[in-house]
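Data block below; observations after.
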There are 2 protein chains.
Amino acid sequence: MRRDVFQAIADPTRREIIQMIATTPLNVNTVTERFDVSRTAVYKHIKILTECGLIVMRQKGRERFCEAKLEKLQAVSDWVEQYKKMWNARFDLLDNVLEDLQTKNKKHGNKK
Amino acid sequence: MRRDVFQAIADPTRREIIQMIATTPLNVNTVTERFDVSRTAVYKHIKILTECGLIVMRQKGRERFCEAKLEKLQAVSDWVEQYKKMWNARFDLLDNVLEDLQTKNKKHGNKK
DNA sequence: ATAATATGCAACCTTTTGGTTGTACAAATA
DNA sequence: TATTTGTACAACCAAAAGGTTGCATATTAT
């Protein structure tokens, strides 16, 4: 199934899994231990993350390690950055207006 | 209902709504026109976006305008940025390794 | 006053999501 | 060899998500 990375990171459990394996790969059981749901439930989350490329599985004996492919978050980063620019631009604009008002106030005060 | 912004942006229709009103507020019907689902369906999406603060509604006569509060995406930005740093750091590391290899190769070539 | 417009919302339906238990099997260990 | 360990996956379930139609209501236009 082709999965959407936005949908994949919508679930808090899946974001927690990403956090766990962000620096170092872990096998399925180790990931599971952190949560109070069944291994199958966690496995399903891992599967969803795999389907959108955020995780790759690597077999090692009878264990399978989950490795994070953080660069797959690029789409999310790009999406949110375009809007960050917009809301920052608005804050800057507001700053300028406030500064202007302050300057005018000073002038008015001096005239008095 | 308290809503999660990650879950709110998971749906492509909702991301499209955000895009539509990012620069200028629009009333509910105008937003609806863009989609081929019912007004009620779009309204539900708007409601979800409102519940997590990404949209505020402003009454104007019989119309209601949806205004985007883009700064509510800060949580998403912060979350993704921490990982962006990590994957960029890894790419930088890879670059260094490759550069090193190239330098060594040159030296080897010179010796030949 | 009547008709048209813009919206909110209840009631209902289908699909998806997130969870469970139980079974199967390969790899490691006693 | 027998047992334990690590994992995959089928089958099932309740709740949530995303959609619909239909009706109520307030505002605007004729």
Side-chain angles (χ1 to χ4, degrees), chain A residues 1-21 24-69 72 76 79, chain B residues 1-21 24-69 72 76 79:
Chain A
M1 197 190 294
R2 194 69 300 219
R3 283 272 182 180
D4 179 6
V5 69
F6 283 92
Q7 201 248 316
I9 65 168
D11 185 275
T13 301
R14 289 197 286 270
R15 288 200 300 279
E16 212 174 322
I17 292 174
I18 292 174
Q19 202 200 336
M20 285 182 74
I21 62 170
T24 171
L26 298 175
N27 69 13
V28 177
N29 268 353
T30 309
V31 173
T32 300
E33 281 163 22
R34 160 101 52 126
F35 303 94
D36 58 356
V37 293
S38 70
R39 186 174 53 74
T40 304
V42 174
Y43 175 73
K44 280 189 184 179
H45 285 303
I46 290 175
K47 205 171 167 211
I48 288 169
L49 290 167
T50 303
E51 281 166 359
C52 72
L54 270 169
I55 282 184
V56 292
M57 303 293 272
R58 186 155 291 133
Q59 188 101 24
K60 201 168 186 179
R62 68 184 158 185
E63 291 170 272
R64 298 188 71 193
F65 286 81
C66 309
E67 189 183 322
K69 289 290 170 190
K72 280 290 155 65
V76 180
W79 183 83
Chain B
M1 197 190 299
R2 193 68 303 216
R3 283 275 181 175
D4 179 5
V5 69
F6 284 91
Q7 201 247 316
I9 64 167
D11 186 275
T13 302
R14 289 198 285 271
R15 289 201 299 279
E16 212 174 324
I17 292 174
I18 292 174
Q19 202 200 337
M20 285 182 76
I21 62 171
T24 173
L26 297 174
N27 69 15
V28 177
N29 268 351
T30 310
V31 173
T32 299
E33 281 162 21
R34 161 100 53 125
F35 304 95
D36 56 357
V37 292
S38 71
R39 188 177 50 75
T40 304
V42 174
Y43 175 73
K44 281 189 184 178
H45 285 302
I46 290 175
K47 206 173 166 209
I48 287 170
L49 290 167
T50 304
E51 280 166 358
C52 71
L54 270 168
I55 282 184
V56 291
M57 303 291 274
R58 186 156 289 133
Q59 188 99 26
K60 202 167 186 181
R62 69 184 157 183
E63 293 170 88
R64 298 188 72 193
F65 285 82
C66 310
E67 188 183 321
K69 289 290 169 190
K72 280 290 156 65
V76 180
W79 183 83

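The shown structure was predicted, so the numbers you read here are calculated from the model rather than taken from an experiment.
Remark: the backbone N or O of A:Ala8 is paired with a side-chain donor or acceptor of A:Arg14 at under 3.5 angstrom. No donor-acceptor pair closer than 3.5 Å links the side chain of B:Glu51 to the backbone N or O of B:Gly53.
Atom CZ in B:Phe35 sits roughly 17 Å away from atom C1' in D:dT20 (whole-Å rounding). The distance between atom CD of A:Glu63 and atom C1' of C:dA27, rounded to the nearest whole Å, is 10 Å. Rounded to an integer number of Å, the gap from B:Ile46 CD1 to D:dG19 C1' is 15 Å. The interatomic distance linking A:Asp4 (CG) with C:dT16 (P) rounds to 15 Å, in whole Å. If you measure from atom CE of B:Met57 to atom P of C:dT7, you get 8 Å, rounded to the nearest angstrom. Rounded to whole Å, the distance from NZ on B:Lys47 to P on D:dA16 is 15 Å. For B:Phe65 and C:dA6, the CZ to C1' distance is 11 Å, given to the nearest whole Å. Remark: P of D:dG6 and CD of A:Gln59 are 13 Å apart, rounded to the nearest angstrom.
Residues from residues 6-20 of chain A lying near DNA chain C, meaning a heavy-atom separation below 4.0 Å, are A:Gln7, A:Asp11, A:Arg14 in numerical order.
For C:dT20, the OP1/OP2 oxygens have a side-chain nitrogen or oxygen of A:Ser38 closer than 4.0 Å. Distances shorter than 4.0 Å separate some side-chain N or O of A:Asn29 from OP1 or OP2 on D:dT7. Contact between the side-chain N/O atoms of B:His45 and the OP1/OP2 oxygens of D:dG19 is found at a separation under 4.0 Å. For B:Tyr43 and C:dC9, the shortest distance from a side-chain N or O to OP1 or OP2 is below 4.0 Å. The phosphate of C:dT7 (OP1 or OP2) has no side-chain N or O of B:Arg58 nearer than 4.0 angstrom.
When each of B:Ile21, B:Ile18, B:Ile9, B:Val5 is tested with B:Leu49 by the rule side chain to side chain contact (heavy atoms under 4.5 Å, CB included), just one qualifies, namely B:Ile18.
In this structure, the nucleotide among D:dG18, C:dC9, C:dT29 sitting nearest to the side chain of A:Arg62 is C:dT29.
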In residues 27-35 of chain B, what donor-acceptor pairs under 3.5 Å come from side-chain atoms, sequence neighbours left out?
from: B:Asn27; atom 1: OD1; to: B:Asn29; atom 2: N; distance (Å): 3.4
from: B:Asn27; atom 1: OD1; to: B:Thr30; atom 2: N; distance (Å): 2.8
from: B:Asn27; atom 1: OD1; to: B:Thr30; atom 2: OG1; distance (Å): 2.5
from: B:Asn27; atom 1: ND2; to: B:Glu63; atom 2: OE1; distance (Å): 2.4
from: B:Thr32; atom 1: OG1; to: B:Val28; atom 2: O; distance (Å): 2.9

